[in-house]
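These numbers come from a predicted model, not from an experiment. Scope of the values below: all heavy atoms of this structure, side chains included, with no hydrogens, waters or symmetry mates. In the text below, chain A, chain B and the rest are named by the order of the sequence lines, each starting its count at 1.
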Protein chains: 2
Amino acid sequence: MSERTKIKDIARVAGVSTATVSRALSDSSLVTERTREKVREAATRLNYRLNVRARNLRIQKSMAVLLVVRNMSNPFYLEIFKGVEEVARAAGFVLLMGNTEDDHDREVEYFDMLRDGQADGMILMTGNMPADHEIVRDASGMTPIVVALEAIENSNLAHVQIDNCAAAKQAVHHLADLGHKRIAHICGPLPEILSRLRLEGYRKAMAEAGLDIPANYEPVGNYSIQSGCECARALFDDVNPPTALFVANDEMAFGAIGELRRRGLRVPEDVSVVGFDDLFISQSYSPPLTTISQPRVEIGRTAMTMLLDIINARLSSPVVTEMQTSLIVRESTGAADQR
Amino acid sequence: MSERTKIKDIARVAGVSTATVSRALSDSSLVTERTREKVREAATRLNYRLNVRARNLRIQKSMAVLLVVRNMSNPFYLEIFKGVEEVARAAGFVLLMGNTEDDHDREVEYFDMLRDGQADGMILMTGNMPADHEIVRDASGMTPIVVALEAIENSNLAHVQIDNCAAAKQAVHHLADLGHKRIAHICGPLPEILSRLRLEGYRKAMAEAGLDIPANYEPVGNYSIQSGCECARALFDDVNPPTALFVANDEMAFGAIGELRRRGLRVPEDVSVVGFDDLFISQSYSPPLTTISQPRVEIGRTAMTMLLDIINARLSSPVVTEMQTSLIVRESTGAADQR
DNA sequence: AATTGATTTGTAATCGATTGCAAAATCTCT
DNA sequence: AGAGATTTTGCAATCGATTACAAATCAATT
């Protein structure tokens with residue numbers, strides 16, 4: 001490994017001071033075109049490369065943002081990653097992955113990294129914050145944190161979100177419009193605000209459609225395929241099974257459909273199913289899944305853009321951005337059997 | 001924002017020099033238990049936090065590894081990420097995401113980051129390297145790069161891989177054993193070594209089973225759902241359609257199954273399908289997909305462990321590790337129709 | 001030619017740690 | 001008690017950039 005060229009070497013070769021080199025290379029207007037050229041020439045000749053570590057120490061930035069999720073292997077995040085990555089790299093930021101596994105200590109760790117300057121900002125997708133952390137205590141709209149996907153209550157942090165309640169209502173109305181009367185909802189875990197909002201949308205839509213919600217029609221899962229399976233089992237083992245399901249995410253919907261299949265029930269002939277998320281696979285599932293689509297790449301882009309605005313103190317933008325969802329009708333829903 | 005405490009402040013408070021503070025905090029054996037205690041106490045009292053940037057500059061490390069993929073939103077990577085993350089964080093390394101989109105310039109960018117010390121190592125999952133990059137030119141088994149998933153030819157870099165050819169053979173033999181004679185293979189893009197190996201396995205197995213491969217039985221896709229669809233269309237539009245498909249990855253298999261469904265062909269009654277990868281969704285697809293499973297989390301762990309070995313110059317480990325795959329038989333394959 | 005003002009460059013401090021080397025303190029042994 | 005060996009500590013350089021401030025250069029004006 002050959003010796004790294006540093007700014008000092010260029011200074012010597014170009015016959016100027018290190019200050020001038022630094023300025024020339026960063027296109028400062030303080031230096032003449034002639035010197036700038038001389039320095040540039042020396043730099044390329046010596047094959048100079050900036051030492052990012054040194055620079056970051058001096059300018060007190062790290063040019064990195066933390067992307068914190070609760071479970072790295074959830075496919076839902078993928079396209080958000082992509083949107084974030086796109087904007088981040090365009091702005092010269094690198095992406096640090098954070099994975100909390102819903103563990104409080106890990107959450108603290110990432111907040112520590114932010115406080116300690118290992119990252120200049122954070123995109124938080126865990127729906128959770130260590131309430132006792134100093135960053136959280138004096139958080140404001142100027143704190144370089146953007147909460148995406150999952151709202152965090154009682155915080156005035158910047159948010160990018162969708163209207164979960166309205167989207168859920170739309171899904172349920174779609175089923176009601178198809179003539180379904182017995183519509184059940186497979187919930188996400190209830191402490192989470194996300195799940196609560198979708199549940200709320202379900203209830204509102206049912207009320208608006210003048211439909212009852214039997215006691216057992218709101219089984220609670222945890223967003224996993226497995227739990228979708230179990231919730232469906234509970235629903236269809238009981239008396240008075242539904243003819244339609246609104247499921248809080250696509251993965252549980254897949255689980256539910258699998259369970260229905262095992263019981264010899266056809267989708268959509270016997271039971272209609274609507275999911276939520278529109279995973280990459282949902283359109284080619286069999287049957288292709290009717291679901292709520294979120295503009296995930298766009299959510300990622302927006303979140304990162306907002307974060308940059310905060311970091312660069314361009315405060316113009318609003319602190320909360322709401323993204324549009326849409327109901328994608330595919331083949332997993334059909335008219336209710338008119339018996 | 002309060003002033004950050006630095007090592008100097010602790011030194012003052014504890015009445016020692018900065019050198020001693022540094023040593024005490026890093027548990028150097030050079031300092032007495034008494035002083036160490038004094039320093040520790042001052043540090044917690046002042047709420048001291050190490051400035052990682054400064055430290056990294058001084059020790060010439062960045063405690064970061066680059067995870068480079070060709071397409072960030074490919075769900076296949078997810079569990080590998082997880083395995084890598086697990087080992088990396090345990091060793092105190094952070095994960096930098098790199099996304100090349102198969103763009104040469106971007107690949108160069110990440111190799112630059114490695115050379116410039118923005119990362120101490122790299123896990124490469126693109127199957128590609130910028131051949132003209134200085135790091136590549138003098139790469140050896142000691143270069144802190146571990147190639148995972150996709151082999152790179154003519155390089156003596158460390159690899160973690162599976163035996164694609166053998167796994168493909170196993171898949172095809174499974175179909176042959178079920179009595180299928182007309183078995184087609186939907187390939188991945190052929191410049192890639194991965195695709196070529198799986199194709200080779202298919203051909204070998206067909207030869208071993210004494211089966212012919214008609215001219216049109218090796219359509220080429222690009223690993224996307226869409227292309228699986230198209231390949232299936234081509235196969236079944238033609239005369240002499242197959243009764244079984246070995247598809248080079250699960251996503252294309254989903255696409256193919258979707259297309260079969262649209263044509264009124266049932267899986268597995270009319271056509272058997274075997275995939276490759278065992279995505280999280282494959283087990284609950286309808287029908288649950290027979291496929292080759294790779295130990296993805298384990299691949300990630302192994303890759304990161306090897307990388308750490310290289311970084312820490314613990315050269316003991318072998319440069320190439322081969323991981324075991326297994327055929328998971330589910331419901332997308334069945335006995336051939338005996339007509 | 002001298003003065004003033006505007007540009008351009010250089011000197012040296014700084015970011016906040018780590019560490020080689022020398023000095024000081026402690027311990028061992030006669 | 002004193003010499004020598006050993007253990008602890010401190011001084012100051014270093015990592016490689018950026019930047020405040022001072023100095024030098026240049027241009028314009030009288």
Side-chain angles (χ1 to χ4, degrees), chain A residues 1-40 42-43 46-64 92 112-113 115-120, chain B residues 1-40 42-43 46-64 92 112-113 115-120:
Chain A
M1 196 67 75
S2 58
E3 275 298 297
R4 285 280 303 260
T5 323
K6 25 188 160 177
I7 227 172
K8 218 173 181 176
D9 303 319
I10 302 185
R12 190 164 17 75
V13 170
V16 295
S17 74
T18 62
T20 304
V21 173
S22 172
R23 285 191 275 250
L25 293 179
S26 60
D27 281 322
S28 156
S29 63
L30 283 177
V31 36
T32 344
E33 187 51 40
R34 232 171 59 77
T35 345
R36 187 199 316 273
E37 205 36 66
K38 207 167 52 180
V39 170
R40 278 220 200 94
L46 296 182
N47 194 20
Y48 171 74
R49 306 230 92 226
L50 175 70
N51 183 319
V52 179
R53 272 190 235 117
R55 159 175 235 269
N56 285 348
L57 170 59
R58 178 61 226 235
I59 67 177
Q60 307 265 50
K61 293 200 176 173
S62 54
M63 298 306 282
D112 279 350
M113 285 178 68
R115 176 191 50 190
D116 297 348
Q118 289 214 63
D120 299 325
Chain B
M1 196 66 74
S2 59
E3 277 297 297
R4 285 279 303 260
T5 324
K6 25 190 162 176
I7 228 173
K8 218 171 180 175
D9 303 318
I10 302 185
R12 190 164 16 77
V13 169
V16 295
S17 72
T18 61
T20 304
V21 173
S22 172
R23 287 191 274 250
L25 293 179
S26 60
D27 281 320
S28 156
S29 62
L30 283 177
V31 38
T32 344
E33 187 52 40
R34 231 170 58 80
T35 340
R36 189 199 315 273
E37 206 36 67
K38 207 168 49 180
V39 170
R40 277 218 200 95
L46 295 181
N47 194 20
Y48 171 75
R49 306 229 92 226
L50 176 69
N51 182 319
V52 179
R53 275 194 293 254
R55 159 174 234 269
N56 284 348
L57 170 60
R58 178 62 226 231
I59 67 175
Q60 306 265 50
K61 293 200 177 173
S62 53
M63 297 308 280
D112 279 349
M113 286 177 68
R115 177 191 49 192
D116 298 347
Q118 290 213 64
D120 299 325

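What separates CZ of A:Arg34 from C1' of D:dT25 is a distance of 12 Å, to the nearest Å. The distance from atom CD of B:Glu37 to atom C1' of D:dT8 is 17 Å, rounded to the nearest whole Å. Straight-line distance from the CG atom of A:Leu57 to the P atom of D:dT19: 12 Å, rounded to whole Å.
Of the possible donor and acceptor atoms, none in the side chain of B:Thr32 sits under 3.5 Å from a partner among the backbone N and O of B:Arg34.
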Margin query: Assess the residue pair B:Asp120 and B:Ser62 against the criterion (side-chain hydrogen bond (donor to acceptor under 3.5 Å, both in side chains)); give the C-alpha distance rounded to whole Å, side-chain angles, the decisive distance to 0.1 Å, and a yes or no.
Written below: CA-CA 6 Å; B:Asp120 299 325; B:Ser62 53; 3.2 Å; yes

Next item on the list: Applying side chain to side chain contact (heavy atoms under 4.5 Å, CB included), run through B:Tyr48 and B:Ile7 and close with a yes or a no.
Entry: CA-CA 8 Å; B:Tyr48 171 75; B:Ile7 228 173; 4.2 Å; yes

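In this structure B:Leu46 satisfies the side-chain contact (heavy atoms from CB on, under 4.5 Å) test together with B:Thr5, B:Asp9, B:Ile10, B:Val13, sequence neighbours excluded. Applying the salt bridge (charged side-chain N to carboxylate O under 4.0 Å, His left out) criterion to A:Arg36, with sequence neighbours excluded, gives A:Asp27, A:Glu33. Partners of B:Arg49 under the salt bridge (charged side-chain N to carboxylate O under 4.0 Å, His left out) rule, at least two apart in sequence or in another chain, are A:Asp112, A:Asp116.
When DNA chain C is scanned 5' to 3' for any atom under 4.0 Å from a heavy atom of chain A, the first and last hits are C:dT8 to C:dG16.
The structure places NZ of A:Lys38 at 8.5 Å from OG1 of A:Thr20, a figure rounded to the nearest 0.5 Å.
Scanning all heavy atoms of the two residues, the minimum distance from B:Leu50 to B:Arg4 falls at O-NH2, 3.8 Å. Minimum heavy-atom separation, B:Leu25 to B:Ala43: CD2-CB, 4.2 Å.
Rotation axes derived from the C1' atoms of the five outermost pairs at either end of the helix from C:dA1-D:dT30 to C:dT30-D:dA1 lie 50° apart, to the nearest 10°.
We find that A:Arg40 and A:Glu37 are joined by a salt bridge, their nearest charged nitrogen and carboxylate oxygen being less than 4.0 Å apart.
Using a 4.0 Å heavy-atom cutoff across all strands shown, A:Ser29 reaches sugar-phosphate atoms only and no base atom.
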Margin query: Can you build the contact string for nucleotides 9-14 of chain D? Use B for base contact, S for sugar-phosphate-only contact, and - for no protein heavy atom under 4.0 Å.
Written below: BBBBBB

